[in-house]
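Here the structure is laid out as structure tokens; the discussion comes afterwards.
Note that ligands are numbered from 1 as they come in the structure, with each ligand's atoms numbered from 1 the same way.
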Amino acid sequence: MEKRQELYAGKAKSVFRTDDPDKMVLVFRDDTSAFDGKRIEQLDRKGMVNNKFNAFIMTKLQEAGIPTHFEALLSDNEALVKNLDMMPVECVVRNVAAGSLCRRLGVEEGVTLTPPTFELFLKNDALGDPMINESHVESFGWAKAEDLAKAKALTYKVNDVLKAIFAEGGMILVDYKLEFGLYKGEVLLGDEFSPDGCRLWDAKTKEKLDKDRFRQGLGGVIEAYEDVGRRIGIDFDA
Ligand code: UDP
């Protein structure tokens, strides 16, 4: 496999073509952004930590029967993935109220949500990723109803798998965002799963161990990501 030209640079990752049109290389950079890219900083080791974190989680999800685009870890900050035709939507499941849900509905942070909620957001920085519903996705052709239904079912299945993994490490999976795409007609989990795209709290102290440390200027961002990783069995020196 040969890495070729850069196709796209997102806020924290870059995507490169390869000599195989079905495969891409994801490069995890040290850039960390918040507030729709209005604040960007470089955090040392972040690319490596998120790349290894994502590889570990994607492997666990695949073992649990959730199809993902992940193929292999290539280096400290690169992963080989399948080339998906991405749906321009973010699927969010929440087990506990936090973030935009609290701002939107005036709910107190920390309220348990039973059953967990499912929300959709349009990926559009210029519009600030507005909340949308399932009928918008179908009417605007962002995805077929049946593919969205599969993505929704997989998003909930991820919750069962990951809630258990983080609980064993003494943490609460508060919420998370997933993105899906199509590969030869099949709906696969794409993008990444790392503490950049989820909320994790220590189960006892409720300390925040995710990107909210960056958003809220709490410091110790990468130290927290590494702590989460070690607590679920990731060896960042491997
Ligand atoms: N999230 C994300 N990318 C986004 C928006 C949200 O990864 O563009 C994640 C976020 O980290 C959290 C979950 O999705 O784990 C729910 O985010 P929320 O809607 O509360 O928005 P926020 O408060 O992060 O703006």
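- Only the side chain of Asp129 comes within 4.0 Å of ligand 1, counting heavy atoms alone; its backbone N, CA, C and O stay farther away.
- In this structure, atom 2 (C) of ligand 1 is in close contact with the protein, since a protein heavy atom lies within 4.0 Å of it.
- The environment of CG in Asp44 is sparse: at most 12 heavy-atom neighbours from other residues, nucleotides or ligands sit within 6.0 Å.
- Polar contact check, Ser100 against ligand 1: a nitrogen or oxygen pair lies under 3.5 Å apart.
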Item to complete: Show your working on side-chain contact (heavy atoms from CB on, under 4.5 Å) between Met58 and Val81 and close with a plain yes or no.
Response: CA-CA 11 Å; Met58 289 283 174; Val81 298; over 6 Å; no
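- Lys177 CB, 3.3 Å is the protein heavy atom nearest to atom 14 (O) of ligand 1.
- The side chain of Arg215, and not its backbone, has at least one atom closer than 4.0 Å to an atom of ligand 1 (non-hydrogen atoms only; side chain from C-beta on).
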Name the atoms and distances for all side-chain donor-acceptor pairs under 3.5 Å in residues 102-116, with sequence neighbours left out.
residue: Arg104; atom: NH2; partner: Ser100; partner atom: OG; Å: 3.1
residue: Glu109; atom: OE1; partner: Lys208; partner atom: NZ; Å: 2.8
residue: Glu109; atom: OE2; partner: Lys208; partner atom: NZ; Å: 3.2

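- Annotation: cation-pi pair Arg213/Tyr225 absent, no NZ/CZ under 6.0 Å from the ring centroid and within 45° of its normal.
- By the 3.5 Å distance cut-off applied to N or O atoms, Arg94 is counted among the residues near ligand 1.
- Among residues two or more places apart in sequence or in another chain, the salt bridge (Lys or Arg N to Asp or Glu O under 4.0 Å) test is passed with Asp22 by Lys184.
- Here the heavy atom of the protein found nearest to atom 13 (C) of ligand 1 is Asp175 OD1, 3.6 Å.
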